[in-house]
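Everything on this sheet refers to the single structure shown next.
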Amino acid sequence: MFLRYKRTCLAKIKALDLNPKLRNQRDQTQSLSPKKPKPPKKSEIHFADRAFYYGLKITSWGIIFLLLSMVVLIFKMSWPALHHFGFRFFFNTEWNSVTQEFGALALIHGTLFTSLGALILAVPVGVGVALFLNEIAPRRLAHALSFLIETLAAIPSVVYGFWGLFVLVPWLRQSLQPWLVDHFSWMPLFKGYPLGVGIMAASIVLAIMIVPTIASTCREVFRAIPQSHREAALALGATRWEMICLAVLKAGMSGVIGGIILGLGRALGETMAVTMVIGNRIELNWSLLAPAQTMASVLANQYAEADSDLHLSALTGVGLTLFAVSILVNGGARFVVWRIERKFRGAK
Amino acid sequence: MNVLRNLTRNRSRTLLGCLIVIFLSQYCLQGGAATLSITGGGSTFAAPLYSKWAANYRMVDESVEINYQPTGSSAGVRQFVAETTFFGASDDPMKENEIKQAKWPILQIPTAIGAVVITYNLPSVTVSLKMDGELIGAIFSGQVTQWNDVRIQKLNPKVALPNLPITVAYRSDGSGTTAVFTEYLSLKAKDWKDKFGQGKSIKFAVGLGGKGNDGVLGLVRQNPGAIGYMEMTFAMANKLTMASIKNNNGIFVEPSVKALTAAASDITKIKDMRVSLLGSLDKGSYPISSFTYILLRQKMQKESGQKLIGFLNWALNQGQTTATELHYGALPKIFREAALKSLSTVKFE
């Protein structure tokens, strides 16, 4: 690729030298520009430039400072609980404010389980939508559809919650879940009584919420892939499906994963919509039909009315855990991206 | 003149001009009247009442604006002690050790009576089911799992109960409602106190959690066979079927404003206004009820303090009809007198 580009450039330069008309033009433009641009002295830099520079510097350091101070504050506030329970805090499923026993495992599990479910549902749809808009749909339809998808991203989460509670949950309870219980209750994943609210409802609502995020990021990524790649694949005899796999998906893999991370970030931290449909039971359950509770949702539920200092501190501890889980998940995903990119570079 | 002509040159500018004029006039009006804003917060249960009172009081005294934030009782107490708010509001009165944290003397004034009601979703049953503490405890601890259980049938011999599993709905957020409800169960249901205890958020053995009264309402409305507890004002406003609960005289009483006011009517002498109404011996009383309180500093800053006391005096006299309109129980006469008397002990500095 690069070699070919270099060759064409060299050819152009040669042509410039040979063609007298073009040579004249080039010489003129060269003589107009100063021969050696001097690096500007400090006093010569315009005031606005300097102000802009320092402004940017302050704001970017401000972000870092803000983040650090938040971590310090959350850590300080959650210290009593962390100190009191030790590492047990992260491995205990019991959460009882009457007996003052607080463990975050059920909440961590709830958060990860619902988010994973949401990803499983949303990634194929999101990537598929992006591929369809970019590769297959006629331009007008693509415009209309992408507008609709972006609108989906702008709907407040509480509206998704309401929709989930009043449309999705009754449907799950009356149609899908009884059928699942009838046919698949031998699987631990589908054990239980069809309640409607629960992990399944939360996962579906989350999936719908993160589809636009994944789709729009993936679309940008696919759009950035040069048309020549696709043409090359097609020219080599690839079908459209093979072309999409080879030239689009593989090349855009790191971007796709980036989009998935963004979606996952939203799913991990989503509060209102989840609270409304998850059933709010602090219990570690492996069944999709069972109610559960997530870290973000327990904060929204209990923070305002936490009686004891230990309860409050344990809740802050949950906040800290959520923070740590997000960082771990993000870091892990970034590691995957890095690995993929390295593999690609190695292949070349 | 020129400016005006420019402004009216096209439509969007006219619009802009209008907006500016509106904003300016708003600003002038607000500034001109010099309203005093008093901020308080806490109990979500009493929030509809306090907001209504605040709105009505604007017509009585224009110079003061009561700004009430329903942050929840515990947060209300915490903010009040931290002096973030000028007054607090809580369904649970502050205990001695909490008052000690505050460093200054505190007055706790009851303002109205609230109740916790049991609502259920049984499409085939339209009458008010009879329940007692023992049965409610058994249902909410997961011992009674079917609606046609003998224990329910025994109290309701004439009702055809459906063969439907019971889905329990509880408040997942910390709440004074849960506190009153579990306090009642701790008194009346066997083993409840040891197994679950009482408090603003407890760990229920079965069921689904809903955030807020509306969360519980959603769960109950949606699930045939669901049963839940919530504030009476909320259930009344939504016209739900409510269970009749057996009171201390063995009489089943349907929740109503009258039955609430009756709950405090048997108290003839007041030692402490922080009194539980769960032990009420009045025949017509609804058994799961409690006062809700406003928390004040005994020594207040003069200007805001006088206005606030004025507001509370008004609320305890003229405001009581508003309370019953909103389905809160009105304070009995002796409590009102005691509350007014304790308001008069406030000192200004």
Side-chain angles (χ1 to χ4, degrees), chain A residues 93-103 106 158 161-162 164-174 192-198 201 271-283 289-294 297-309 311-312 314-315, chain B residues 41-44 69-79 90-92 95 98 101 145 165 167-179 182 186 193-212 214-219 221-226:
Chain A
T93 56
E94 180 76 8
W95 184 279
N96 190 333
S97 60
V98 177
T99 56
Q100 294 284 304
E101 172 103 23
F102 300 106
V158 68
F162 266 112
L165 195 60
F166 290 112
V167 181
L168 179 70
V169 167
W171 178 73
L172 284 178
R173 187 182 60 243
Q174 283 153 14
Y193 180 78
L195 289 165
V197 293
T271 313
M272 258 339 277
V274 171
T275 301
M276 291 169 83
V277 297
I278 199 170
N280 297 309
R281 262 192 89 71
I282 306 177
E283 240 172 33
L289 305 180
Q293 180 72 301
T294 68
S297 162
V298 79
L299 286 176
N301 266 304
Q302 298 192 350
Y303 204 84
E305 287 280 2
D307 271 329
S308 66
D309 291 339
H311 190 179
L312 203 63
L315 283 169
Chain B
S43 165
T44 44
Q69 296 161 351
T71 48
S73 292
S74 302
V77 170
R78 226 177 294 126
Q79 287 174 334
S90 174
D91 305 333
D92 232 7
K95 293 172 193 75
E98 287 177 306
Q101 283 179 2
T145 55
T167 309
V168 167
Y170 56 84
R171 286 279 294 265
S172 59
D173 51 335
S175 152
T177 315
T178 309
T182 52
S186 296
K193 194 164 188 160
D194 302 330
K195 268 193 193 156
F196 306 101
Q198 63 186 67
K200 281 182 180 152
S201 59
I202 74 154
K203 194 181 159 101
F204 284 92
V206 289
L208 304 169
K211 188 173 183 298
D214 40 355
V216 175
L217 174 72
L219 290 173
R221 270 224 177 122
Q222 290 223 348
N223 290 290

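In what follows, chains are A, B, ... by sequence order, proteins preceding strands, each numbered from 1.
Only the side chain of B:Arg78 comes within contact range of chain A, with at least one heavy atom under 4.5 Å from a heavy atom of that chain. Contacts between A:Phe166 and chain B at a heavy-atom distance below 4.5 Å involve backbone atoms as well as side-chain atoms. Only the side chain of B:Tyr170 comes within contact range of chain A, judged by heavy atoms closer than 4.5 Å. For B:Thr182, no part lies near chain A; criterion is any non-hydrogen pair under 4.5 Å. Within the 4.5 angstrom heavy-atom criterion, atoms from both the backbone and the side chain of A:Arg281 approach chain B. Contacts between B:Pro70 and chain A at a heavy-atom distance below 4.5 Å are absent for every atom of the residue.
When atom types are taken as modelled, the side chain of B:Ser172 and the backbone of B:Gly210 share a donor-acceptor pair closer than 3.5 angstrom. No side-chain donor-acceptor contact under 3.5 Å links B:Asp173 to the backbone of A:Asn301. Using a distance-only test at 3.5 Å, with no hydrogens or angles considered, no donor-acceptor pair links the side chain of B:Arg221 to the main chain of B:Val216.
Contacts with chain A were tallied for B:Asp92, B:Thr167, B:Val206, B:Thr71; B:Val206 has the most, counting heavy-atom pairs under 4.5 Å. With chain A as the partner, the residue from B:Asn223, B:Asp214, B:Ile202 showing the most heavy-atom pairs under 4.5 Å is B:Asn223. Taking B:Lys200, B:Lys211, B:Gln222, B:Lys203 one by one and counting their heavy-atom pairs under 4.5 Å with chain A, the maximum is reached by B:Gln222. Heavy-atom pairs under 4.5 Å with chain B peak, among A:Gln302, A:Gln293, A:Met276, at A:Gln302. Counting heavy-atom pairs closer than 4.5 Å to chain A, the top residue among B:Ala169, B:Ser73, B:Gly197 is B:Ser73. Interface check for chain A: of the options B:Ser74, B:Ser175, B:Gly72, B:Gly174, the most heavy-atom pairs under 4.5 Å are formed by B:Ser74. Contact count against chain B (heavy-atom pairs under 4.5 Å) is highest for A:Leu165 among A:Ile278, A:Leu165, A:Val169, A:Val298. Between chain A and the residues B:Gly207, B:Ala226, B:Gly199, B:Pro165, the most heavy-atom pairs under 4.5 angstrom are made by B:Gly207.
Taking NZ of B:Lys195 as the reference point, atom OG of B:Ser186 lies at 12.5 Å (rounded to 0.5 Å).
Side chains of B:Ser201 and A:Ser97: a donor-acceptor N/O pair is present below 3.5 angstrom, by distance only.
Taking the side-chain hydrogen bond (donor to acceptor under 3.5 Å, both in side chains) definition, one finds that B:Ser43 meets it with B:Asp91, sequence neighbours left out. Under the rule for a side-chain contact (heavy atoms from CB on, under 4.5 Å), the partners of A:Gln100 that lie at least two apart in sequence or sit in another chain are A:Phe102, A:Ser308, A:Leu310.
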